[in-house]
Colleague: 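Quick one: the structure is below, and I'll ask about it shortly.
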Protein chains: 2
Amino acid sequence: MIDAAAAIFFEHGFERASLSAIVRRSGGSLSTLYQLFGSKEGLFEAMVTQRCAQIMEPLTTPHQPGQDPRETLVRIARGLMGVLMDPEAQGLWRMVMGEGIKFPRLPEIYFRCGPDPLQTAMVRYLSDLHDRGIVHCPDVPSVVQAFCGMMQSDLFYRTVTGMRPIPEAAETERHVQKVVDLVMGMLTRR
Amino acid sequence: MIDAAAAIFFEHGFERASLSAIVRRSGGSLSTLYQLFGSKEGLFEAMVTQRCAQIMEPLTTPHQPGQDPRETLVRIARGLMGVLMDPEAQGLWRMVMGEGIKFPRLPEIYFRCGPDPLQTAMVRYLSDLHDRGIVHCPDVPSVVQAFCGMMQSDLFYRTVTGMRPIPEAAETERHVQKVVDLVMGMLTRR
DNA sequence: TGAAAACTGTAATGTACGTTACATTATCCT
DNA sequence: AGGATAATGTAACGTACATTACAGTTTTCA
């Protein structure tokens, strides 16, 4: 039933999504829906909570400090790119941005599941590299911020708004390489 | 009347905004609204079109090639930051991201008024500096993308979703300086 | 097996709101 | 001034939909 809710909510938005449509798709009954979630908002929150954890899960994998830094960054960037270009994750993003003011718990859940773990893991990883003298980076948080910001470029915004289709793998890979190049420049320069 | 529509739409979103509320606020009459705009969607589009041009206007100012590059970048970054942290612009952003799928004309209008002019102007400016040997930058578009991406950091996302209040001027200025530092690093390095 | 709990289908209720109709009033132009 | 044009106020219409009520059915499990 949460799957059906996700599909309908992500496609139409909160207000336009009708509970009858969700029930029709999920196969359950309206009564059970109210039994389980209490209200439309309850179902919405439960769905977002579940999907946040599920969609963002690839972003929480820790990084082994022994590997080549560039390869590690590329791996992280590819994982992030995969999430950014996932149609369901894009629906979730639109929900968080569009309904976040009406539902303050949405941004909380989103940041706690996605950006926060990714950024703390990256800060830990890069700080470790810096401490061991492998890279020189006096301001790790800023570099991590820069990395995340650069990943979410026009490519992402134009896709999430439907202005262009999901890009080919080659195009996302080019973007990954470009961002990692720029970040590596920030790490090795003096 | 467009002012009232903007206030109500930006605060509540398209579906939750009621035409009666807009009329009550604007002082006009429901009949005139339909006379002028034809429907709720018509008013919405007219409002977004008007506000896009108005809000994004500071981003379209051209740059004099004679000035110090860093100062120019700081000036651009401050202007962009001013727009990003403007409550009305944030409402517009939420509309474009949240309702863009239902209203494909919204992203079109938005990109044409905001990101597109800013980026082409910056590309022109930096290419000129490169051609004249003032900076070294073989891939200007990527640097411009990086600049725009870094400006829209967590600071912006957490503010636009209501997770934190509009930041103090000192905080935005720190962010401006940090981004410009990183971009200058991309321009001068080898 | 048999009762308790959970699930289902359908109908009813209430409400909010977009949209239209229409009669009335104000504004403009020559 | 006076007719044409636009603006206003109000009421009505229709619809979509969240929510509840209730009676019937299935599942669970001891």
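Lettering of chains follows the sequences in order, A, B, ..., and the numbering in each one begins at 1.
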Colleague: Specify whether Tyr110(B) and Trp93(B) have parallel, tilted or perpendicular ring planes, treating 30° as the upper limit for parallel and 60° as the lower limit for perpendicular.
Modeller: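 Taking Trp93(B) first and then Tyr110(B), their aromatic rings stand perpendicular (interplane angle over 60°).
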
Colleague: Any side-chain N or O of Thr32(A) under 4.0 Å from OP1/OP2 of dT8(C)?
Modeller: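 For Thr32(A), the contact criterion (side-chain N or O under 4.0 Å from OP1 or OP2 of dT8(C)) is met.
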
Colleague: Is any side-chain N of the basic residue among Arg51(A) and Asp86(A) closer than 4.0 Å to the acidic one's carboxylate O?
Modeller: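 A salt bridge is absent here (no side-chain N lies under 4.0 Å from a carboxylate O).
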
Colleague: Quick one: which of dA7(D), dA18(D), dT19(C) gets closest to the side chain of Leu19(B)?
Modeller: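 Of all the options, the side chain of Leu19(B) is nearest to dT19(C).
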
Colleague: Mind calculating the distance between CD (Glu15(B)) and C1' (dC17(D)) to the nearest angstrom?
Modeller: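 Going from Glu15(B) (CD) to dC17(D) (C1'), I get 12 Å.
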
Colleague: Using whole Å, report how far NE2 of His12(B) lies from C1' of dC17(C).
Modeller: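 Answer to the nearest Å: 14 Å.
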
Colleague: Answer with base, sugar-phosphate or nothing: what part of the nucleic acid does Ala17(B) contact at a heavy-atom distance below 4.0 Å?
Modeller: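 Touches sugar-phosphate only.
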
Colleague: Answer with base, sugar-phosphate or nothing: what part of the nucleic acid does Ser18(A) contact at a heavy-atom distance below 4.0 Å?
Modeller: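 The answer is sugar-phosphate, as Ser18(A) gets under 4.0 Å only of primed atoms, P, OP1 or OP2.
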
Colleague: Whole-Å distance between dC17(C) P and Arg16(A) CZ?
Modeller: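 That distance rounds to 15 Å.
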
Colleague: Consider the side chain of Leu30(A), meaning its heavy atoms from C-beta on, and name the nucleotide among dT20(D), dT8(C), dA21(C) that approaches it most closely.
Modeller: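 So the side chain of Leu30(A) is nearest to dT20(D).
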
Colleague: Can you tell me how far C1' of dT19(D) sits from CG of Leu43(A), to the nearest Å?
Modeller: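 These atoms are roughly 14 Å apart.
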
Colleague: When the ring planes of His130(B) and His136(B) are compared, do they come out parallel, tilted or perpendicular, using 30° and 60° as the limits?
Modeller: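 It falls in the tilted class, 30° to 60°.
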
Colleague: Do the charged groups of Arg158(B) and Asp116(A) touch, with an N to O distance under 4.0 Å?
Modeller: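 A salt bridge links Arg158(B) with Asp116(A).
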
Colleague: Of the nucleotides dC7(C), dT10(D), dA18(D), which has the atom closest to the Tyr34(A) side chain?
Modeller: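 Selected nucleotide (nearest to the side chain): dA18(D).
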
Colleague: Within this structure, what is the CZ-to-C1' distance between Arg24(A) and dG9(C), rounded to whole angstrom?
Modeller: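 Between C1' of dG9(C) and CZ of Arg24(A): 14 Å.
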
Colleague: Which nucleotide, dA18(D), dT8(D), dA7(D), lies nearest any side-chain atom of Ser31(B)?
Modeller: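 Per side-chain heavy atoms of Ser31(B), the pick is dT8(D).
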
